[in-house]
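This report concerns only the one structure given below.
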Amino acid sequence: MIKYKLPALTAVVYMAASVTVQADEKTETSHLRANFRRVALEMASTEVKNADLYVDSPNSQLSADSKTMIKGVFDFVLEYERPNTQWNNSLFMEYAETRLKPEGEKHTTDEDADKILLTSDYNCKLWKPGFQDIDAGPFVSIAYQTEFTKNNDAPRMKVVRGKTGLKLFNGTYLKELYAAAVGEYDFTYSGDEVTKSAYEIGLRAEKPISDQVTFQLEGYFRNYVSYSKYVATDLKYELSVTGRMDVKVYQKFSLAPYFSYFQGKACGVDKEGSNFLIGFSFAYSDLFDL
């Protein structure tokens, strides 16, 4: 009986030792980081074109009025990186609201920005193109986009979005460049759920100008190619570009003049809508290991 137990005990000890070694290797080769990209308060002047045509759109950027506004932004990523993969889980939120009360009239509320975006992004490092120590490979992501409150008479936006494609990432200057096929399930309108397909190109880059100054650029273009159902407020395409000049003022805090441009065209409207912002932000950012 003992001669059968000894091999079994040996196998258990060997498996335990293997698990310990693997755990040690994982500790040595993996990194878990908390990346506070931006926690910011922004003041900006916005110019919106054709807002009257998009008053019923769930997208508040296209229906807002041209004005000066104050906006809050929270952009956080939990990064788990291994030699051959990188898994990012991010939360992006922004909100800006203006309340007006003309003399003798009820107050009115106008949303200038309203977005909540939860994303899980898995990237494979299959190639080294040989410049900027950049990684390249396929990726897949899943995201849920919604809002804090609904926009005017439109319902609250609710979209599940999946992407898969190829990506360059982790470069010295080029942080992300990708091309992807996109699938969406849009259940903003109850009873009018829509399945959509699109293609998307995205970019995120930064270039240090000096020890205290960094220029950042990010944007994407998404073009929808099919819909399971016609909804007049659904966008045919989206274009978003943001540029900032971050100037460190104290440790992790910075001031940044910036611009932001968003454009889209709804299926039931003849003209595209756009929102151009220019302003300043006061932001906190930090990256540290966990």
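The first residue of the sequence shown is numbered 1, and numbering continues consecutively from there.
- Contact detail for M43 and Y258: the closest heavy-atom pair is O-CE2, 4.5 Å.
- Salt bridge annotation for E272-K236: absent, with no cationic side-chain nitrogen under 4.0 angstrom from a carboxylate oxygen.
- In this structure, Y185 has its ring center closer than 6.0 angstrom to the ring center of F187.
- With 3.5 Å as the limit, one finds no donor-acceptor pair spanning the side chains of Q132 and Y173.
- With side-chain heavy atoms closer than 4.5 Å counting as contact, directly or through intermediates, the hydrophobic cluster containing I278 also holds F131, I134, L168, L174, L177, Y199, L203, I209, V213, F215, L217, F221, V225, Y237, L239, V241, M245, V247, F259, Y261, F276.
- Using a 30° and 60° split on the angle between ring planes, Y95 and F148 fall in the perpendicular class, above 60°.
- Comment: K167 engages D121 in a salt bridge, judged by a side-chain N to carboxylate O separation of less than 4.0 angstrom.
- For the pair K115 and Q145, the minimum side-chain heavy-atom distance is below 4.5 Å.
- K196 forms no cation-pi arrangement with Y227, by the criterion of a distance under 6.0 Å to the ring centre and an angle within 45° of the ring axis.
- Atom CG of D270 has 12 or fewer neighbouring heavy atoms from other residues, nucleotides or ligands inside a 6.0 Å radius.
- A salt bridge links K128 with D135: the distance from a Lys NZ or Arg NE/NH1/NH2 to an Asp or Glu carboxylate oxygen falls below 4.0 Å.
- Within a 6.0 Å radius of NZ in K49, no more than 12 heavy atoms belonging to other residues, nucleotides or ligands are found.
- For the pair K163 and F139, the minimum side-chain heavy-atom distance is below 4.5 Å.
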